[in-house]
Student: 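There's a structure below that I have some questions on.
Nothing fancy with the numbering, it's 1 onward along the sequence.
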Amino acid sequence: MPNLCHSPKIFLDPFKLHPTIEKAYKLAQALSYIYENNTNKDVARLKLAQWYNEVENSNFKSFNTIARSIQIHYKPILNYFNNRSTNASAESFNAKIKEFRSMFRGVRDVKFFLFRLTKLYA
């Protein structure tokens with residue numbers, strides 16, 4: 001029986017075994033790179049358009065949803081590059097309101113509901 005502790009270690013490159021996974025990985029990383037490294041809206045627009053073309057040429061159905069979303073909502077998406085801010089805080093606050101409302105199974109007295117919200121979250 002061979003001694004496994006002293007045997008040479010063999011590292012297989014998963015991308016060589018599965019080139020389509022490499023292509024998908026590179027597309028995902030390219031999109032991340034656009035968001036992380038661009039501060040100019042016009043440059044970001046160009047890079048997103050190039051990325052979109054790469055997705056179309058790749059024939060990955062899994063990327064079609066995000067590519068379509070970028071195509072439909074490109075103006076609000078590009079606004080991110082103005083000052084690199086999102087509406088995440090507003091979305092978080094909306095989620096808190098929904099959770100608060102669900103705790104009481106709806107709102108009967110709107111005035112009291114708003115009073116409670118201001119006391120809890122203001």
Student: Report yes if some heavy atom in the side chain of I66 is under 4.5 Å from a heavy atom in the side chain of L31; otherwise report no.
Tutor: yes
Student: Please give me the minimum heavy-atom distance between F60 and N64, naming the atom from each residue.
Tutor: O-OD1, 3.3 Å
Student: What closest approach, in Å, do I34 and A44 show between heavy atoms, and which atom pair accounts for it?
Tutor: CG2-O, 4.4 Å
Student: Rounded to the nearest 0.5 Å, what's the gap from NZ on K75 to CZ on R45? Could you check?
Tutor: 9.0 Å
Student: Is it the case that the side chain of S69 and the backbone of T65 share a donor-acceptor pair, with hydrogens and angles ignored and the cut-off at 3.5 Å?
Tutor: yes
Student: To the nearest 0.5 Å, tell me how far E54 CD sits from F63 CZ.
Tutor: 10.5 Å
Student: Report yes if some heavy atom in the side chain of Y74 is under 4.5 Å from a heavy atom in the side chain of L48; otherwise report no.
Tutor: no
Student: Do Y35 and I77 have side chains that approach each other closer than 4.5 Å (heavy atoms only, starting at C-beta)?
Tutor: yes
Student: Below 4.5 Å, heavy atoms only, C-beta onward: do N79 and K41 meet side chain to side chain?
Tutor: yes
Student: Side chains of W51 and L27: closer than 4.5 Å at any heavy-atom pair?
Tutor: yes
Student: I need the K23 NZ to N57 CG distance, nearest 0.5 Å.
Tutor: 9.0 Å
Student: Are there more than 12 heavy atoms of other residues, nucleotides or ligands under 6.0 Å from atom CZ of F115?
Tutor: no
Student: Within a strict 4.5 Å, meaning less than it, do heavy atoms of the Y52 and I70 side chains meet?
Tutor: no
